[in-house]
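All remarks here apply to the structure that follows.
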Amino acid sequence: MFDKCVIYMLYSHFSVTWVLLSVAVSGLTGIFSPDNGLRSACLGNVLRLTLDKTLAVGSQLEIDAIDGTDIIPLSHTLAAQCGYSVESDPWGNTKVFASLLGCYVDNQVDVVFTLGLRLRMYRDGHSEQVKHVTETCSYSPWASREILCDRNYMEVSSLMVTPETPVKMVAGQQVHDSWEDAIPDAAVAPNGIWKMTFHTPDPKVMLLTDAQRAGYGAMMTQTRLVIRSPYNMAETYSVEVAGVPMEVFSVSTYYKTGNLIVDSAAACPTGGVVFTDKVITWHVPRRITPLISSAVKILETHMGIYGQRLDKTKMATRHYKMSVMESHIIIEIPVGSPDGYYKSHAQDYAYHITYTVEPMLELLWRAENTQADTRYKVLFPITTPLMPRPPHVIDSTVPEQRVFDILLGTFLHDVELMNITFTTRVLTVAECNARGFDVQEHHFANGSKTFSLRVPFSDELVLKQNPDPLTTVYFLPLVFGLLVLPEQTPFPHPAELEASREDVVLPTITGSCDQENFYFSVKYGSKQDNFQTMMLHAGSWRELDTELAKLYSLTGNGTHFSIVVPFTAPAAAFELVHFKSIRARVDLLLLEMPNMWQLDDLSLACYFPLTTTECYSNGTATALAVKVESVSNLNPEYLTLRDQSCKPAFSNDRFAFFSFKLNSCGTTRTFFDDVMVYKNEIALPYNTGKQSRKGPSAPEYRHTVSCYYLLNHTKTMAFRASPRRTDPVADPGVGHLVVQIRLSQDSSYALFYQNEDYPVEKYLRQPLYFEVELMQSTDPQIEVVLENCWATLHKDRTSLPSWDLIVDSCENLDDLYLTVFHPVVADTRVQVPAHIKRFSINMFTFTKDDAVLKEQIFVHCDAVLCDTTKPDGICSGQCANLVSALVLGPRATDASQYKKQISSGPLLTPRCNTWLNNL
């Protein structure tokens, strides 16, 4: 029993390396005939059986030889020994070649030859169909010697008439006798062959049975001696003939006669091929010296393909050339001729192809002065070296269509596109199409193919970049994952696609004003919200963050957002002040990050109603000084009237409010006709320690206040008196009073920490001097009383832990370091001492388990404004245990008190910084 060799063909249109006659074929149905893909051809001394691709769709085919009633599986070893070979191309066309003098061929007098084969079809390991094929060929006349060089064996047959009666030569006379007894083992030698001597070139003797066990074939037909040797045997050897490498086997065969010896030799080319990109050139020695010992005359030369001779017309049509030169017979075959086929390869992950074709050379020569002729036939498969064929990417993208459109190719039919790797994921072809990409395979008449891919610019896998504000560059780096079948060999091909369009719709800002606010709307454009909105806020550019968005009531949707900016907000810069109006401006800027491209900007200035001076008939006036943009370093707190002791009744970082009598504060009076004019000026004093004028005649800030009164003005009014039944009672009034808490730098209460001085850092037990003051009031009948004061660890006045400092207007007696109240006396700054309360505490920290929780404290107070004409309850005075007080403003639960809540903090120990806020 011989070994079986089974090859599976996974795809019909890809080539397979056939090891032997066990062929992967599929779709084998019906009866074998030329109509269903099975054809046979008698090609001289060779029979060719062809199974085309209609039979090759994935099953397994095994081929057995039929010898009478015996079935012999053909292994690759037995095939080479017995004269069988097989070839298959990528399309699944399978060719089986059999020598007419091979084993298991029914030979009728060396003229008619019948070959029987059994084809067994398997699918999924189960026999699906068995078919017996019988083909008959006739071949005559035979040359005296015929040499056949096939892909896996060398064969030589010699014309030989074996005498029926052995002949012995005795004293020059032929003696007919029974010779079997004269030769040891001759009686048991089959085919009349006794032994064989191989010339390697040293002689090596083997009995026939030993030679057959070694893999050689030897047999006698009715008229011929047939010797067959596989390639690369121990008894074969290589020589160069006219520069062409050849493999040779030479053997002397001894017959039973003992004196009959036949010398046989075969020499087959194993090289001699020269390749260019366009032509395969095959050189065969004209005089094959291992086979020729004297001068010969070439009688016939034939070229063929796959064992089939070609006439001159067909050769010319295919551009084949055969030339008989002095030393060689040269055959030229164009690369890509239709008789061969291409095959894909992925060598080192790069795409290559090879071209394979099987030319045949057949010669007939005759030795001079003899009638002995030799027919020499070579079936010579040729495969080119690997030829690089790097795929090309043809970019047909039209940016206006907003779709990448590329073509990848060209490939042979045995290449499949499996997947595409993008920057963030790998997608199969099916997944690409499901995502909305368009992946297609395009086939051409010559069997090649290309792949096309279309990817929309809008897909998230497409990278986007803006080299300038109006242009978008679209990038699509990808790697095509390709596969060579049936070997399942992967190889990649990268590609980088790029397209640019001026398609950016920039965001825009529009704005308007009414009597109180600025209104801005920002339309996103094509960038959506992929930009930063900047505001000129309090003199410096600031991003419109969550805090500002809340402050300016930001609203929006998917197309735009809007904000509302009061004209008094920090984002509004004051440009110009008139008597009854003020011109304010808000600046917005849209920036693309991180390139800092300015996409749009808007500077909107509007006039808003604002009365800066009020003149009253009782001889008083109020004036509002406004910090304008041209004096950005102005601190309104330091502004005064001409009399520098006349300071603002209220001030912040943008305004200073003055209230004064027209006969005070350096006010001048002039007369014009019947008009009396009072004038004063708001400016910076010459020496403030903080700011100074640039010169006596050019103050940094000057605001003129004027009041006009008619000297002679008569108003007529009618009245009627009626007796009063009850005493008049004042109605309760409602208004706003401002109370502030400040931290003094020392016990003199002359200098106080400003906002920019915070956080304030103090050592433990270092005194902290606090002052609580009622602002914007000169009413001597109002007194400030501190009801409760306490310290917390956090800014929230209700947070825990906390520590009482003042309880019911008195010191906390539970404190080891009692709060100290300081008297307040009138001076140039203090007009009404009852409006101010001063106290001091020692710096401390909160601890837990002897560990400092946080090196900061916040101080909070409840201040009560009392009517001094009715001292009652808490209004009896600081730390007076009395009841009942008159209220200056309404309360929901008690009409006798007006309470303000103030806080200060945080204050820090030296280990960390803390903030103090005046609320």
Side-chain angles (χ1 to χ4, degrees), residues 15 18 20-21 23 34 37-52 63 65 74 79-80 82-89 91-103 105 112-115 117 133 135-143 145-157 226 228 230-231 266-270 272-273 280 282 284 300-315 317-318 320 322 329 331-333 337-341 355-364 374-383:
S15 64
W18 302 103
L20 187 14
L21 290 181
V23 185
L38 184 63
R39 301 182 303 277
S40 64
C42 298
L43 307 174
N45 57 1
V46 173
L47 167 67
R48 185 184 69 196
L49 187 66
T50 302
L51 290 76
D52 69 21
I63 302 177
L74 292 174
C82 286
Y84 295 87
S85 67
V86 68
E87 187 275 341
S88 180
D89 64 19
W91 290 267
N93 296 307
T94 302
K95 298 177 177 64
V96 179
F97 294 87
S99 170
L100 296 185
L101 298 178
C103 308
V105 176
V112 178
F113 305 88
T114 301
L115 172 65
L117 296 176
V133 179
E135 299 293 339
T136 300
C137 291
S138 298
Y139 180 59
S140 181
W142 290 83
R145 179 175 59 171
E146 299 219 358
I147 298 172
L148 175 61
C149 298
D150 204 342
R151 58 185 48 75
N152 58 335
Y153 66 89
M154 301 177 284
E155 177 185 285
V156 56
S157 69
V226 182
R228 192 177 299 109
Y231 289 97
C268 295
T270 57
V273 182
I280 299 172
W282 179 29
V284 179
E300 297 178 14
T301 57
H302 302 280
M303 179 197 170
I305 295 292
Y306 294 114
Q308 180 77 52
R309 291 181 183 178
L310 299 178
D311 58 29
K312 292 183 179 180
T313 302
K314 291 183 179 180
M315 290 178 60
T317 301
R318 291 165 168 77
Y320 296 154
M322 182 174 64
I329 298 172
I331 293 177
E332 296 180 48
I333 302 173
S337 68
D339 293 316
Y341 61 87
Y355 173 75
T356 298
V357 67
E358 185 174 306
M360 179 198 75
L361 175 64
E362 185 177 340
L363 303 177
L364 181 65
T374 298
R375 186 170 299 278
Y376 182 77
K377 180 185 289 187
V378 183
L379 305 178
F380 196 75
I382 298 175
T383 299

**Request:** Mind checking the CG-CD1 spacing from Leu310 to Ile305? Nearest 0.5 Å is all I need.
**Result:** 5.5 Å
**Request:** Check whether any side-chain heavy atom of Val133 lies under 4.5 Å from a side-chain heavy atom of Leu38, and answer yes or no.
**Result:** yes
**Asked** Just how far is it from atom CD1 of Ile280 to atom CD1 of Ile331, taken to the nearest 0.5 Å?
**Response** 11.5 Å
**Request:** Output yes when a side-chain donor or acceptor of Tyr341 lies under 3.5 Å from a complementary backbone atom of Thr356, and no otherwise.
**Result:** no
**Message:** To check you understand the geometry: which heavy-atom pair defines the closest contact between Leu100 and Cys137, and what is its length?
**Reply:** CD2-CB, 4.1 Å
**Interatomic distance, Leu148 atom CG to Leu379 atom CG [nearest 0.5 angstrom]** = 6.0 Å
**Prompt:** Tyr306 and Val46: side chain to side chain contact (heavy atoms under 4.5 Å, CB included), yes or no, with the steps?
**Reply:** CA-CA 11 Å; Tyr306 294 114; Val46 173; over 6 Å; no
**Message:** Does the plane of the ring in Phe113 sit parallel, tilted or perpendicular to the ring in Trp142? Use 30° and 60° as the thresholds.
**Reply:** perpendicular
**Request:** Show your reasoning for whether side chain to side chain contact (heavy atoms under 4.5 Å, CB included) applies to Arg375 and Glu362.
**Result:** CA-CA 7 Å; Arg375 186 170 299 278; Glu362 185 177 340; 2.8 Å; yes
**Message:** Please find the pair of heavy atoms, one from Leu47 and one from Cys42, that lie closest to each other, and give the distance.
**Reply:** CD1-SG, 4.3 Å
**Message:** Within this structure, what is the CG-OG distance for the pair Asp150 and Ser85, rounded to the nearest 0.5 Å?
**Reply:** 3.5 Å
**Item:** Polar contact flag, side-chain donor to acceptor under 3.5 angstrom, Glu135-Ser40
**Value:** yes
**Request:** Applying salt bridge (Lys or Arg N to Asp or Glu O under 4.0 Å), run through Lys377 and Glu146 and close with a yes or a no.
**Result:** CA-CA 8 Å; Lys377 180 185 289 187; Glu146 299 219 358; over 6 Å; no
**Complete:** Closest non-hydrogen contact found for Ser138 with Val112 is OG-CG2, 3.9 Å
**Interatomic spacing from CG in Leu363 to CE in Met303 - rounded to 0.5 Å** = 13.0 Å
**Request:** Apply side chain to side chain contact (heavy atoms under 4.5 Å, CB included) to the pair Leu364 and Tyr376, showing each step before the final yes or no.
**Result:** CA-CA 6 Å; Leu364 181 65; Tyr376 182 77; over 6 Å; no
**Asked** Do Gln308 and Met360 pass the side chain to side chain contact (heavy atoms under 4.5 Å, CB included) test, and can you show the C-alpha distance, the side-chain angles, and the key distance before you say yes or no?
**Response** CA-CA 8 Å; Gln308 180 77 52; Met360 179 198 75; over 6 Å; no
**Complete:** Met322 and Leu361 have their tightest heavy-atom pair at SD-CD1, 3.9 Å
**Request:** First locate atom CE of Met154, then atom CD1 of Ile147, and finally report the distance between them rounded to the nearest 0.5 Å.
**Result:** 10.5 Å
**Shortest non-hydrogen separation from Ala65 to Leu117 and the atoms involved** = CA-CD2, 4.1 Å
**Asked** Distance only, no hydrogens: is a donor on one side chain within 3.5 Å (strictly under) of an acceptor on the other, for Tyr320 and Ser337?
**Response** yes
**Item:** Minimum heavy-atom distance between Tyr231 and Asn152, given as atom pair plus value
**Value:** CD1-C, 3.5 Å
**Any donor-acceptor N/O pair, Arg309 side chain to Leu43 backbone, under 3.5 Å** = no
**Polar contact flag, side-chain donor to acceptor under 3.5 angstrom, Ser99-Tyr84** = no
